[in-house]
Amino acid sequence: MAEKQSLGSLIFSAPFLLGMVGVGCMIYGVAEGFKVMQFFFGVCIVLGSFALHLIRKKDWDAHWKEMDQIREAHEKRMTEEAEKKK
(Lines give C-alpha, C1' and ligand atoms only; values in the text may rest on other atoms or scores of the structure.)
Protein backbone atom coordinates (compact mmCIF):
# COMPACT_ATOMS: atom_id res chain seq x y z
CA MET A 1 0.00 0.00 0.00
CA ALA A 2 1.04 3.57 -0.54
CA GLU A 3 2.40 5.52 2.35
CA LYS A 4 0.50 8.59 3.48
CA GLN A 5 2.31 11.80 2.61
CA SER A 6 2.26 14.98 4.63
CA LEU A 7 0.48 18.04 3.27
CA GLY A 8 3.80 19.80 2.74
CA SER A 9 5.25 16.98 0.67
CA LEU A 10 2.07 16.84 -1.42
CA ILE A 11 2.12 20.59 -2.08
CA PHE A 12 5.81 20.59 -3.05
CA SER A 13 5.61 17.44 -5.17
CA ALA A 14 6.53 17.68 -8.85
CA PRO A 15 3.05 16.88 -10.26
CA PHE A 16 1.37 19.48 -8.04
CA LEU A 17 3.90 22.20 -8.83
CA LEU A 18 3.73 21.45 -12.54
CA GLY A 19 -0.06 21.56 -12.35
CA MET A 20 0.06 24.95 -10.67
CA VAL A 21 2.38 26.27 -13.40
CA GLY A 22 -0.11 24.99 -15.97
CA VAL A 23 -3.03 26.64 -14.21
CA GLY A 24 -1.01 29.86 -14.02
CA CYS A 25 -0.34 29.70 -17.77
CA MET A 26 -4.04 29.15 -18.45
CA ILE A 27 -5.03 32.07 -16.21
CA TYR A 28 -2.41 34.31 -17.82
CA GLY A 29 -3.62 33.29 -21.28
CA VAL A 30 -7.22 34.20 -20.42
CA ALA A 31 -6.43 37.35 -18.42
CA GLU A 32 -4.34 38.89 -21.20
CA GLY A 33 -7.15 38.78 -23.78
CA PHE A 34 -7.15 35.01 -24.40
CA LYS A 35 -3.71 34.35 -25.75
CA VAL A 36 -4.09 30.97 -27.40
CA MET A 37 -0.52 29.74 -27.02
CA GLN A 38 -0.29 30.42 -23.27
CA PHE A 39 -3.66 28.76 -22.72
CA PHE A 40 -2.69 25.78 -24.92
CA PHE A 41 0.61 25.26 -23.11
CA GLY A 42 -1.20 25.58 -19.77
CA VAL A 43 -3.60 22.81 -20.76
CA CYS A 44 -0.69 20.63 -21.95
CA ILE A 45 1.17 21.19 -18.69
CA VAL A 46 -1.88 20.33 -16.56
CA LEU A 47 -2.52 17.15 -18.57
CA GLY A 48 1.15 16.21 -18.31
CA SER A 49 1.19 16.70 -14.55
CA PHE A 50 -1.92 14.55 -14.25
CA ALA A 51 -0.24 11.84 -16.34
CA LEU A 52 2.88 12.10 -14.15
CA HIS A 53 0.69 11.63 -11.06
CA LEU A 54 -0.88 8.48 -12.54
CA ILE A 55 2.50 7.08 -13.57
CA ARG A 56 3.99 7.67 -10.14
CA LYS A 57 0.95 6.07 -8.51
CA LYS A 58 1.65 2.76 -10.25
CA ASP A 59 3.51 0.17 -8.20
CA TRP A 60 6.75 0.06 -10.18
CA ASP A 61 8.56 -2.30 -7.81
CA ALA A 62 5.95 -5.00 -8.42
CA HIS A 63 6.08 -4.29 -12.15
CA TRP A 64 9.87 -4.72 -12.37
CA LYS A 65 9.75 -7.82 -10.18
CA GLU A 66 7.24 -9.36 -12.58
CA MET A 67 9.37 -8.35 -15.58
CA ASP A 68 12.44 -9.98 -13.99
CA GLN A 69 10.48 -13.21 -13.44
CA ILE A 70 9.36 -13.21 -17.07
CA ARG A 71 12.93 -12.57 -18.26
CA GLU A 72 14.33 -15.36 -16.08
CA ALA A 73 11.68 -17.81 -17.30
CA HIS A 74 12.48 -16.88 -20.90
CA GLU A 75 16.23 -17.32 -20.35
CA LYS A 76 15.64 -20.69 -18.69
CA ARG A 77 13.46 -21.83 -21.59
CA MET A 78 16.09 -20.69 -24.11
CA THR A 79 18.89 -22.60 -22.33
CA GLU A 80 16.71 -25.73 -22.18
CA GLU A 81 16.00 -25.47 -25.91
CA ALA A 82 19.70 -24.96 -26.62
CA GLU A 83 20.54 -28.09 -24.59
CA LYS A 84 17.94 -30.13 -26.47
CA LYS A 85 19.44 -29.12 -29.82
CA LYS A 86 22.90 -30.39 -28.75
Side-chain angles (χ1 to χ4, degrees):
M1 287 221 152
E3 298 177 13
K4 286 191 174 186
Q5 293 180 334
S6 68
L7 181 61
S9 66
L10 285 175
I11 289 174
F12 292 109
S13 68
F16 182 79
L17 291 176
L18 285 172
M20 289 296 101
V21 169
V23 170
C25 286
M26 288 190 305
I27 291 171
Y28 176 74
V30 171
E32 294 291 318
F34 196 73
K35 293 186 177 181
V36 176
M37 290 306 290
Q38 281 86 356
F39 187 79
F40 171 74
F41 284 123
V43 170
C44 290
I45 292 169
V46 168
L47 292 176
S49 68
F50 182 70
L52 179 61
H53 170 74
L54 292 178
I55 289 170
R56 284 187 165 187
K57 193 174 182 181
K58 184 176 171 82
D59 187 6
W60 286 103
D61 291 333
H63 171 74
W64 290 119
K65 187 176 182 181
E66 179 183 353
M67 293 302 290
D68 286 338
Q69 290 173 347
I70 291 170
R71 181 185 49 79
E72 288 171 2
H74 177 70
E75 289 174 354
K76 182 180 177 183
R77 188 170 53 247
M78 295 303 287
T79 56
E80 288 173 356
E81 288 178 8
E83 289 175 4
K84 286 180 183 179
K85 287 183 180 179
K86 288 182 181 181

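Quantities reported herein were computed from a predicted structural model and do not represent experimental measurements. Hydrogens, waters and symmetry mates are skipped; everything else that's a heavy atom, side chains included, is used.
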Testing Glu72, Arg71, Arg77 for side chain to side chain contact (heavy atoms under 4.5 Å, CB included) with His74, which one passes? Arg77
Drop me the distance from [X]'s [atom1] to [Y]'s [atom2], to the nearest 0.5 angstrom.
X: Phe40; Y: Ile45; atom1: CZ; atom2: CD1; value: 10.5 Å
X: Glu75; Y: Asp68; atom1: CD; atom2: CG; value: 9.5 Å
X: Met26; Y: Cys44; atom1: CE; atom2: SG; value: 10.5 Å
X: Phe39; Y: Ile27; atom1: CZ; atom2: CD1; value: 10.0 Å

Contact summary for Cys25 and Gly42, nearest pair of heavy atoms: CB-CA, 3.6 Å
Closest non-hydrogen atoms of Leu18 and Ser49, given as atom of the first, atom of the second and distance, are CB-CB, 3.8 Å
State yes or no: do [X] and [Y] share one hydrophobic cluster built from I, L, V, M, F, W and Y residues joined by side-chain heavy-atom distances below 4.5 Å, directly or via other members?
X: Val46; Y: Phe34; value: yes
X: Met20; Y: Val30; value: yes
X: Val23; Y: Met37; value: no

